[in-house]
Protein chains: 2
Amino acid sequence: MAERRPNPISGENLLFLTDEQLRKGIEAMFFAYRGFTADPDRILEQHGYGRAHHRALHFINRTHGTTVNNLLALLGVTKQSLNRVLRTLIADGLVESRVGRTDRRERNLFLTEEGRKLERALSEAQRERMRSAYRAAGPQAVAGFRQVLEAMMDDEIRHQYASLRDRRS
Amino acid sequence: MAERRPNPISGENLLFLTDEQLRKGIEAMFFAYRGFTADPDRILEQHGYGRAHHRALHFINRTHGTTVNNLLALLGVTKQSLNRVLRTLIADGLVESRVGRTDRRERNLFLTEEGRKLERALSEAQRERMRSAYRAAGPQAVAGFRQVLEAMMDDEIRHQYASLRDRRS
DNA sequence: TTGGAATGTCAACAAGGCTGACATAAACTA
DNA sequence: TAGTTTATGTCAGCCTTGTTGACATTCCAA
């Protein structure tokens, strides 16, 4: 999948692995992430929510009926942190928590119509930025972008990402 | 610079701009950023510092003698937030603050030997993850990665990134 | 029936954002 | 020179979102 190109000079081109190149990548990652979150942040602020709420909405939307434990693993936070966020989302009528059918200890989480509405607004703002970046960089760059990001994840997360990746929304 | 490939089917390949593709990119960005910060975070914890300290150390190291105002613009936080972090770094002897030569209202910031030592440890941990990701993905993917990230930044930040990008460390 | 798993809740705390107000010194300007 | 602006620092207080620890409830499964 990852296309390695032999270097006519030294057998393999390693110039892209210098500390200078790596530093540029690190700074690009830092600055780009700021842009990545900027648009949803503005919308969230109008609703009195934070990034944690966005993340919860996103993954509940992605995996309808997911359990709290499942969500914890995806988000990488403690249940207390997530619970605080979920509580407000449920109280505000954006998320519905249903007792599990087969295992009634579990709670299955769903977005309400209002929750879907906010999720779409957040998601569309973020997609618009991504779309513009993708269009500017072109398909080949996008493929490389995804490859590097995937290689940068922790192993365990990469597996979760991969199983999520190939679902329908 | 960005290589666009004509699509034999519709004149231009736009498959990479579907909502599905964009969503995958969004999730990849989220998960990758977690990995990106994981290694420095572990080191910082041992010293009782947080990410904010890492960012300050990084950019002071990058732009020796920078002023507080300059740093504020790069980090995108308020002076009160930055000041809290700087105060501890100065008190702990990692950062030195010298009165400006030409304008004595300004403070020029430098890393001490100890500051450089910690910065190197943090930086090396982060570079190691980046190096491994770059190596796995290959030079062409890395170029695409950088292109997409740059296109994702806010305009103002992109200019700062660019002027920083081409400096020597 | 009992142990453990899944979930929720309460309390307390910390980092690191934010705003507003105010102080000081230095530089600039009319 | 007098007044204003700029750069910085600091105090107080607030918010979000992360943490740990303790404890209750529910209920599956051995």
Side-chain angles (χ1 to χ4, degrees), chain A residues 30 33-34 37-38 40-60 65-92 95-109 122, chain B residues 30 33-34 37-38 40-60 65-92 95-110:
Chain A
F30 169 64
Y33 200 80
R34 281 240 292 276
T37 55
D41 279 356
R42 273 187 283 271
I43 297 173
L44 288 160
E45 202 185 357
Q46 297 166 1
H47 293 253
Y49 293 137
R51 268 182 218 175
H53 300 86
H54 182 189
R55 294 197 280 262
L57 289 174
H58 176 95
F59 285 111
I60 292 172
T66 187
T67 64
V68 173
N69 252 348
N70 213 313
L71 211 48
L72 286 179
L74 278 174
L75 296 174
V77 296
T78 59
K79 63 175 179 170
Q80 292 88 338
S81 268
L82 175 58
N83 189 256
R84 179 170 33 201
V85 166
L86 279 182
R87 216 184 313 160
T88 72
L89 290 175
I90 292 168
D92 295 351
V95 168
E96 194 189 346
S97 166
R98 294 187 209 147
V99 170
R101 282 190 183 183
T102 56
D103 186 339
R104 297 182 23 177
R105 292 167 302 179
E106 296 182 342
R107 299 289 178 276
N108 297 120
L109 302 170
L122 295 167
Chain B
F30 170 65
Y33 200 80
R34 281 241 293 275
T37 54
D41 279 356
R42 273 186 283 271
I43 297 173
L44 287 160
E45 202 186 356
Q46 297 166 2
H47 293 254
Y49 293 137
R51 266 181 220 175
H53 299 84
H54 182 189
R55 294 196 279 261
L57 290 174
H58 176 95
F59 284 110
I60 293 172
T66 188
T67 65
V68 172
N69 253 345
N70 212 314
L71 208 49
L72 286 179
L74 277 173
L75 296 174
V77 296
T78 59
K79 62 173 183 172
Q80 292 91 333
S81 272
L82 175 58
N83 188 255
R84 178 169 34 200
V85 166
L86 278 183
R87 214 185 313 163
T88 72
L89 290 175
I90 291 169
D92 295 351
V95 168
E96 194 189 346
S97 166
R98 295 185 209 147
V99 170
R101 283 191 183 181
T102 56
D103 186 338
R104 298 182 23 179
R105 288 171 305 181
E106 296 182 341
R107 299 288 180 275
N108 296 120
L109 301 171
F110 302 87

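So you know, we letter chains A, B, ... as the sequences are listed, proteins then strands, and number each from 1.
- Going from atom CZ of B/R51 over to atom CG of B/L44 covers 9.0 Å, rounded to the nearest 0.5 Å.
- Under the 3.5 Å distance criterion, the side-chain polar atoms of A/R34 are matched with a main-chain donor or acceptor of B/L75.
- The distance from atom CZ of A/R55 to atom CG of A/L74, rounded to the nearest 0.5 Å, is 12.0 Å.
- For A/F59, the ring pair (Phe, Tyr, Trp, His ring centres under 6.0 Å) criterion is met by B/F30, B/F31, not counting sequence neighbours.
- Nearest-nucleotide positions on DNA chain D place A/R51 closer to the 5' end than the other of A/R105 and A/R51.
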Please report, to 0.1 Å, the donor-acceptor pairs under 3.5 Å made by any side chain of residues 85-92 of chain B, with sequence neighbours excluded.
unit_1, atom_1, unit_2, atom_2, d
B/R87, NE, B/N83, OD1, 3.4
B/R87, NH2, B/N83, OD1, 3.3
B/T88, OG1, B/H53, NE2, 3.3
B/T88, OG1, B/V85, O, 2.9
B/D92, OD2, B/Y49, OH, 2.4

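- Using a 4.0 Å cutoff to heavy atoms of chain B, the contacted part of DNA chain D runs 5' to 3' from D/dT6 to D/dC11.
- Of all the residues in residues 97-104 of chain A, A/D103, A/R104 reach under 4.0 Å from DNA chain D with at least one non-hydrogen atom.
- Contact check for A/V68 versus A/L71: no side-chain heavy atoms found under the 4.5 Å cut-off.
- Contacts between chain B and DNA chain C, taken as any atom within less than 4.0 angstrom of a protein heavy atom, begin and end at C/dG16 to C/dA27.
- Within residues 73-84 of chain B, the residues having any heavy atom closer than 4.0 Å to DNA chain C are, in order of number, B/G76, B/V77, B/T78, B/Q80, B/S81, B/R84.
- Rounded to the nearest 0.5 angstrom, A/D41 CG and A/Q46 CD are separated by 11.5 Å.
- Between B/R107 and the choices B/V99, B/T67, B/T66, B/N69, the side-chain contact (heavy atoms from CB on, under 4.5 Å) rule is met once, by B/V99.
- Taken to the nearest 0.5 Å, the CD1 atom of B/I60 stands 5.0 Å off from the CG atom of B/L109.
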